[in-house]
Structure formats: C-alpha cells, structure tokens
Number of protein chains: 2
Amino acid sequence: MTGPLPDGRKSGGKPRTRIQEINRKIILDAALDVFSAYGFRGSTLDQIAEKAGMSKPNLLYYFRRKQDIYRAVLEAILETWLAPLEELDADGDPIAEISKYIRLKLDLSRDMPEASRLFANEILHGAPVIGEFLRGPLKDLVDRKACVIRGWIEAGRLNHADPVHLIFMIWATTQHYADFDVQVRAVLGDGEDPAPSADPLDGAEATLMTVFLDGLRPR
Amino acid sequence: MTGPLPDGRKSGGKPRTRIQEINRKIILDAALDVFSAYGFRGSTLDQIAEKAGMSKPNLLYYFRRKQDIYRAVLEAILETWLAPLEELDADGDPIAEISKYIRLKLDLSRDMPEASRLFANEILHGAPVIGEFLRGPLKDLVDRKACVIRGWIEAGRLNHADPVHLIFMIWATTQHYADFDVQVRAVLGDGEDPAPSADPLDGAEATLMTVFLDGLRPR
DNA sequence: TTTGGTCTTGACCATTTGGTCAGGTGGCCC
DNA sequence: GGGCCACCTGACCAAATGGTCAAGACCAAA
C-alpha cells in the first residue's frame with residue numbers, strides 16, 4: 001500500500017510470460033467494465049471472471065486480491081487521463097490551446113466513458129486508492145499548467161479567472177457527459193421517435209466553446 | 001404478524017406516530033451519510049443502524065428492506081434538488097437570473113455535499129432507482145426552463161448557446177465541488193501550512209461568474 | 001392500573017462472496 | 001518423448017450481510 005507499484009509486480013519480479021500478458025489484459029478489460037458499472041464493493045469476482053471468460057480461481061492466479069485488480073485498472077487509466085492537460089502549450093495561442101484541451105477531454109468522454117465513470121466513482125468515495133496520486137502527480141501537473149494560464153492572463157491574452165478553478169470547470173463540464181450519461185440522455189429525450197437522436201456530445205462541443213470563450217453576456 | 005408497515009405506506013396507510021416520525025428521520029439522516037460515503041452496495045445495514053443508534057432489526061421495523069431506505073433517502077432530496085432551477089424567472093433579467101441560479105447551486109454543494117454525492121452515485125451507476133424521475137419530472141422542468149432561456153437568446157439578451165447544454169454546464173460545474181471535493185482539495189493543496197485554506201467554493205464562485213458571463217476571450 | 005398495540009432487540013438463518021487448496025492439464029525446452 | 005513448471009479449475013471454507021422471529025419493554029388511552 002506504500003510504493004508506487006505500477007502493477008502487482010515488484011521490481012524484482014520475473015518478467016511476464018506471453019500468456020500472462022494476454023490474460024492480464026483480458027482481466028483488466030473485463031474489470032473496467034464491471035467496476036465502472038457497479039463500483040468496487042458492488043462488483044464481484046464472479047462477475048469479472050465470467051466477463052473475462054475464466055474461472056474465479058484463475059483470476060486470483062493473476063491478481064492475488066480483488067483490490068489488486070481494482071488498483072491495476074485505475075492505474076492503467078491514470079496516464080491517459082493526464083495526457084490532454086500535459087499537451088497544453090505555453091507557446092501556443094491561449095484560445096486555441098484551451099479549445100483544443102476541451103476538445104480532447106470531450107473525446108475522452110466519448111471514447112472512454114467507463115474509465116471516466118470508474119475515476120469519478122473512486123473520487124466520489126474519497127479516493128481511497130488514488131488519494132496519493134491526486135495530491136502528488138496530479139497537483140504538480142495542475143500547478144504547472146496553472147502557471148501557464150496565469151501567464152496568458154497577465155499578458156492580457158485571457159480574461160481574469162483563477163486558472164485552477166478554470167481547469168476544474170473544464171474537467172467538470174467535459175466529464176459530465178460520460179459520468180452523467182444516463183441523466184443527459186434522459187433530459188435530452190434519448191432515442192424518442194424515429195430519429196435516433198444524435199450523440200449528445202455533438203451539441204455539447206458547440207455550447208462549451210461558446211460559453212467558455214465568449215460567455216453568455218452579449219457583446 | 002402482518003405489521004402496519006410504517007414505511008411504504010400508500011395513501012390508505014395509517015398515519016405515523018410521533019416515534020415513527022422521529023425515528024424515520026434519524027434513520028434517513030444516518031442513511032444519507034452512509035450511502036453517500038459508500039454507495040448502495042458498499043453500505044451495510046449494520047453501519048446505518050449504528051450511526052442511527054439503534055439495532056438492525058429496529059431499522060427493518062421502519063423500513064422493510066435496505067432498498068426502501070435508499071429510495072426514501074433519494075426521494076427526500078429530489079425536491080430540494082429541483083428547487084433552484086424552478087426559481088428561474090422568465091420575467092427577470094437573464095444575467096441576474098442565471099447568476100442567481102449558479103449561486104443557489106453552489107450553496108447546495110456547500111450545504112448538502114452528501115446529498116449531491118448520493119445523487120451523483122445513483123446516476124453514475126445508471127439511475128436504477130430514479131431513472132423514471134429523470135425521464136419524467138426532471139426532463140419536464142428542464143424543457144420548460146430551456147424555453148425561458150431560448151426566449152432570452154432570441155430576444156438578443158444572451159449569446160447563442162443551447163439552453164439544455166448550458167444547464168448541464170451549470171450542473172456540472174457547481175456539483176463538481178461537492179462530488180469531487182477530495183480532488184478539489186488535493187489539487188488546491190488543502191490545509192497545508194499554518195493557514196487553514198479557505199473554502200474552495202469561495203474561489204469557485206468568482207471564477208464561475210467570470211467565465212459563464214464573459215468567457216475567456218478578452219473583450 | 002390495566003390493557004393492547006407499538007416499539008425494540010438478541011439470537012438466528014440462508015445466501016453471497018472473497019479467498020484457499022489440492023490436484024489436474026498443457027505448453028515449452030531439452 | 002519426457003520432464004518441469006506455468007496455467008487452470010472444481011470443491012471447499014469462513015466471514016459478512018440482508019433479513020426473520022419470538023419474546024420482552026414501553027407507551028398511551030381508558
């Protein structure tokens with residue numbers, strides 16, 4: 001529970017066999033689906049085993065404990081999660097950079113909603129597993145990028161707004177479409193009538209851009 | 001022994017006694033804390049019973065099933081949740097009305113974070129209990145208020161933006177501070193050094209107002 | 001004070017579930 | 001082909017947990 005441990009394997013462990021590589025991946029994929037749908041406590045090893053197409057004892061051959069699977073799934077998506085913010089470039093045009101960031105985050109919500117929901121669930125319940133990650137690498141990254149944004153503001157290239165809260169706003173609005181997908185679809189009137197309603201995220205992008213860039217007050 | 005079932009009482013049920021009134025409230029309060037912290041499946045009747053200061057069989061005297069408690073807690077907060085949007089007044093000034101709505105939603109995040117998290121958790125997992133509510137009363141309310149906003153836009157009093165997605169944006173950004181509280185505090189560097197860091201929501205309000213009303217692009 | 005229903009609980013039960021184990025199967029290297 | 005070790009599983013176990021029950025405590029009305 002202390003070290004970074006990218007996965008179950010300590011630094012001195014043996015290298016993985018071909019079969020291990022394959023089956024670990026299968027398990028993690030199945031576990032992502034199950035954990036994101038039911039949460040940690042709400043998921044059972046049997047569910048994961050069935051989805052992975054193997055017996056429960058075999059699951060536990062690759063991961064000693066349920067928690068190890070959960071942690072491995074979470075850690076597997078952390079890097080993906082940070083990547084878009086990492087790309088924010090101090091030398092680029094502020095408006096273009098932020099627009100691009102919003103677009104990348106929306107793409108994540110569209111392409112990896114399960115991962116987003118798993119992440120949300122973990123934080124919602126106090127981040128018992130990735131708390132250290134939040135206070136460490138995440139905070140560092142945000143601090144760095146906040147400086148970039150602050151630079152743009154001080155150069156008069158962006159309106160005055162707290163950079164960290166701005167990042168929160170972007171996280172919140174983009175992940176909303178993955179995390180609250182059911183509500184979004186319910187309110188938009190998902191799949192009524194003949195027309196198979198378009199992806200909610202199409203309408204989302206235009207609205208986010210308008211509001212984030214120009215606000216609601218008419219010029 | 002077919003008890004009077006103090007709980008699921010349809011319209012024809014007996015009125016509640018004084019003790020029932022009191023104990024149901026105690027149970028619902030305790031259950032809100034527990035369910036919001038651990039989710040439905042992650043919470044146990046023993047936890048709720050202990051927090052409520054009574055025995056587990058006594059819990060089940062007031063609520064026949066665990067699910068009944070969960071549902072009752074959820075239903076108890078639904079009305080509170082809709083209230084702020086209900087107040088959006090077509091005859092008011094658009095900017096003032098929306099500012100007020102954002103402020104009210106932030107107040108909810110500040111004052112009832114557990115309720116917000118319970119709600120978020122329910123939706124995150126597909127809204128198995130309140131799905132009907134989302135597709136019914138919630139959609140109706142949003143549709144009504146979207147018309148109000150659309151009216152303001154067509155009158156040139158607001159920038160062009162999809163009203164429903166705008167509402168999503170306000171929900172997302174305001175509830176973020178309750179639902180993702182741990183992350184917010186982690187990134188802001190909660191409680192470091194002597195200064196007991198201020199409530200994150202203070203900084204949030206100013207930023208939300210700036211971005212929602214004026215956007216990021218300098219005028 | 002009596003009386004009848006309300007309220008409360010210790011003890012108990014059945015099921016679910018995370019995890020173990022002994023033993024079988026099969027791939028890989030010699 | 002043979003031996004070794006990784007891989008796999010049916011059967012099993014103990015703990016946790018949702019829920020029941022019978023019996024006692026309490027309260028309020030007459």
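Please read these numbers as outputs of a predicted model, since none were measured by experiment. To find a chain, count down the sequence lines: A is the first, B the second, and so on, and within it residues start at 1.
Residue A/Tyr62 places no side-chain N or O under 4.0 Å from the OP1 or OP2 atom of D/dA6. One finds no side-chain N or O of B/Tyr61 lying less than 4.0 angstrom from the OP1 or OP2 phosphate oxygen of C/dT8. Note on A/Arg64: every side-chain N or O is 4.0 Å or more away from OP1 and OP2 of C/dG19. Taking only side-chain nitrogens and oxygens, A/Asn23 never comes nearer than 4.0 Å to OP1 or OP2 of D/dA6.
Whole-Å rounding puts the B/Met54 CE to D/dC26 P distance at 16 Å. Across the protein-nucleic acid pair, A/Arg65 atom CZ and D/dA15 atom C1' stand 14 Å apart, rounded to whole Å. One atom, NZ of B/Lys66, and another, P of D/dA16, lie 15 Å apart when rounded to the nearest Å. A straight line from OH of A/Tyr70 to C1' of C/dT17 spans 18 Å, rounded to a whole angstrom. The separation between B/Ile22 atom CD1 and C/dT8 atom C1' is 15 Å, rounded to whole Å. What separates CD of B/Gln47 from C1' of D/dG18 is a distance of 13 Å, to the nearest Å. Note: CG (A/Leu59) to P (D/dC7) measures 15 Å, nearest angstrom. Computed from coordinates, the A/Ile69 CD1 to C/dG19 C1' distance equals 11 Å when rounded to whole Å.
The main-chain N or O of B/Asn121 is found under 3.5 Å from a side-chain atom of B/His125 such that the two form a donor-acceptor pair. Judged by distance alone, the side chain of A/Lys145 and the main-chain N or O of A/Leu88 form a donor-acceptor pair under 3.5 Å.
Comparing D/dG18, C/dC7, D/dC8 against the side chain of B/Asn58 picks out C/dC7 as the nearest. For A/Arg41, taking side-chain heavy atoms from C-beta onward, the closest of the listed nucleotides D/dA16, C/dG18, C/dT17 is D/dA16. Candidate nucleotides D/dC7, C/dT8, C/dG19 were compared by shortest atom distance to the side chain of A/Leu45, and C/dG19 ranks first. Among C/dT8, D/dA6, C/dG18, the nucleotide with an atom closest to any side-chain atom of A/Gln20 is D/dA6. Distances from the side chain of B/Leu60 to the nucleotides D/dG19, C/dG18, D/dT9 place D/dG19 closest.
For A/Lys56 against C/dG19, a side-chain N or O and a base N or O form a donor-acceptor pair under 3.5 Å.
Environment of OH in A/Tyr38: sparse, with no more than 12 heavy atoms of neighbouring residues, nucleotides or ligands closer than 6.0 Å.
Of the residues near DNA chain D, B/Ile19 and B/Pro57, the one whose nearest nucleotide (by heavy atom distance) lies more toward the 5' end is B/Pro57. DNA chain D is contacted by both B/Asp46 and A/Gly53; A/Gly53 maps to the nucleotide lying nearer its 5′ end (nearest heavy atom per residue).
Across all strands shown, C/dG18 forms a Watson-Crick or G-U wobble pair with D/dC13, both key distances being under 3.5 Å.
The residues B/Arg144 and B/Glu86 are annotated as salt-bridged, a charged nitrogen and a carboxylate oxygen being separated by less than 4.0 angstrom.
Using cut-offs of 30° and 60° on the angle between ring planes, the pair A/His176 and A/Phe180 is parallel. Aromatic ring orientation, B/Phe35 versus B/Phe40: parallel (interplanar angle below 30°, classes split at 30° and 60°).
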